[in-house]
Amino acid sequence: MKKVLLAINFIIISSQLSAQKIINRDPQIEAIVNQVSSDSLKAYIDKLVSFGTRSTLSTTTDNKQGIGAARRWVLSKFQEFARQSDGRMTAYIDTWTLQPDGKRVDKTIEIGNVMATLKGTDPTDNRIFIVSGHIDSRVTDVMNREADAPGANDDGSGTVAVIELARVMAKSKFPATIVFVTVSGEEQGLLGANHLAEKAVAESWNIEGVLNNDIMGSNHSNETNIIDNTRLRVFSEGLPAFEMDKKVGAIRQYGVENDGKARQLARYVKEVGERYVDNLEVVMIYRNDRFLRGGDHTPFVNRGFAAVRLSEMNENFLRQHQDLRVEKGIEIGDHARYMDFEYLRKNTAINAATLANLAKSPSMPEDVILDVRGLGNSTSLRWKASKTGKVKGYYVLMRETAMPYWQKKFFTTDVKITLPYSKDNYFFAVQAVSEDGNESLPVLPRVGLRNAGE
């Protein structure tokens, strides 16, 4: 009879306070998180707002106004941080020409995504993790390229989060590669994100996770006076948008409609983010995005990548897509003075912790299989070792089928395990763990039989 492994390492508790008592923090990641500065974020926002408008349709040649000047300033910041990276970080603007589309582009324009790539130190590790925010802004009429559009929160907040992440992470070494990008054209139809996602597919980038930050720096809605800077939403799709027709049969049979790549990444953001950032709860939202709106993670989701959107808990719609004006004594418009920079610091730090933990982790275990031969009240899994990284062992994750988060983790140094829990009653996954305790993304098993002769 097979030996049953009961190496229970810890139980994940959704309460942030309880989790912090039992989970250790990686000192390197904790140091990165502690460097995120609300003062830096505010200074970046003030500079972005100074460009007047950052409409994708605005001037690209003026040195002080418009989208072109804003992109060149972000590039200068990336290049400044790159000088501290010992050559690991490179920065450039990925530009292309866009023709009128009869929708939200009415003239030929130069469009560009500002990119900073922090190259991984392991030459055998081709994993890429992307963090993004959109640099463009707008007023009520999306075609108005002349009026002031501060775009402080939408999406200056996401843009400056990316800039600050590049600053605090440039000096660090990670086995995997991190790409920091401020995309253009979000307000005109996710143009920059679509371009980047198409490029990733064409060039076969091994993207394992995309964190898109959009509208994340305000602490209250326009419909309530309640101020709340203790919660951050992460939107994720449960079903795979990519090649859904090929996967629907297995999803229905095994009940894994809540376990797509994006949903696994969202769970990871919650667990790791709350591990490192105090007084902030990551709230999982079980949909790809908000009603009537869209975000730059979606082009990646649609192409099969794990991508999520991070947004403030309570949006203020008087600060989004609005002409600057005063109505009935109420100022309307996306000004920096209505932002909460301590809240933005915490939300940026969630990104820092997640990216660092992912980039330090080994690659995911390969070919994870759940044995379903025969009836019984135990569960056997097996897998192949991670291809890259220094692996200390593996966590086998377990949760009840109606639970949103992983409840238990079992540690093993083997590549197989048998647990005294029924495969009919729980979901399982496997993640690799580095020598420093950094976990890869979880891998759900496929269903299979035991190896011959086992």
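FYI, the numbering just counts along the sequence from 1. Atoms considered below: every heavy atom in the structure, side chains included; atoms not considered: hydrogens, waters and symmetry mates. These figures come from a predicted structure and were not determined experimentally.
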Presence of salt bridge, Arg233 and Glu315, under 4.0 angstrom: yes
Can you list every pair that meets salt bridge (charged side-chain N to carboxylate O under 4.0 Å, His left out) and has a residue in residues 160-181, with sequence neighbours left out? Glu164-Arg167
Check Val282 against Val234 and note the closest heavy-atom contact, atom names and distance. CG1-CG1, 3.5 Å
Check whether Thr182 reaches the backbone of Thr159 with its side chain - one donor and one acceptor, N or O, closer than 3.5 Å. no
Test: Glu342 and Lys346 ion pair at under 4.0 Å: no
If the threshold is 4.0 Å, N to carboxylate O, is there a salt bridge linking Arg25 and Asp278? yes
Met115 CE to Met89 CE distance, which is reported to the nearest 0.5 Å: 12.0 Å
Please round to the nearest 0.5 Å and tell me the distance separating atom NZ of Lys270 and atom CG of Leu232. 10.0 Å
Under 3.5 Å, side chain of His134 to main-chain N/O of Asp136, donor-acceptor pair present? yes
Is there a donor-acceptor pair closer than 3.5 Å between any side-chain N or O of Asn113 and the backbone N or O of Gly192? yes
Residues passing the side-chain contact (heavy atoms from CB on, under 4.5 Å) test with Ala147, sequence neighbours excluded, are Val139, Asn144
Are Asp101 and Gln188 linked by a side-chain donor-acceptor pair shorter than 3.5 Å? no
When rounded to the nearest 0.5 angstrom, what distance separates CG in Asn258 from CZ in Arg399? 5.5 Å
Partner of Ile350 under side-chain contact (heavy atoms from CB on, under 4.5 Å), chosen from Leu355, Leu280, Val36: Leu280
For Asp125, is there an ion pair with Lys387 - N to carboxylate O distance below 4.0 angstrom? no
With sequence neighbours left out, the residues meeting side chain to side chain donor-acceptor pair (under 3.5 Å) with Ser361 are Arg127
Sole candidate of Asp296, Asn212, Asp155 that passes side chain to side chain donor-acceptor pair (under 3.5 Å) when paired with Ser132: Asn212
If you take all heavy atoms of Met169 and Leu118, which pair is closest and at what distance? O-CD2, 3.3 Å
Charged tip of Arg263 within 45° of Tyr286 ring normal and under 6.0 Å: yes
Separation of Arg345 CZ from Asn347 CG (nearest 0.5 Å): 9.5 Å
Residues Asp214 and Arg290 bridged, charged N to O under 4.0 Å: no
Can you list every side chain to side chain donor-acceptor pair (under 3.5 Å) pair that touches residues 66-81, not counting sequence neighbours? Arg71-Ser184, Lys77-Glu80
Flag, side chain of Tyr276 to backbone of Asp26, donor-acceptor distance under 3.5 Å: yes
Using a strict 4.0 Å threshold on nitrogen-to-oxygen distance, state whether Asp106 and Arg145 make a salt bridge. yes
Going by ring-ring contact (aromatic ring centres under 6.0 Å, His included), name the pairs with one or both residues in residues 146-197, residues two or more places apart or in two chains. Trp96-His195
Which residues pass the side-chain contact (heavy atoms from CB on, under 4.5 Å) test with Thr61, sequence neighbours left out? Thr59
Under a 3.5 Å distance rule, please check whether His297 uses its side chain to pair with a backbone N or O of Asn288 as donor and acceptor. yes
Between Lys261 and Glu208, does at least one N-O distance fall below 4.0 Å, as a salt bridge requires? no
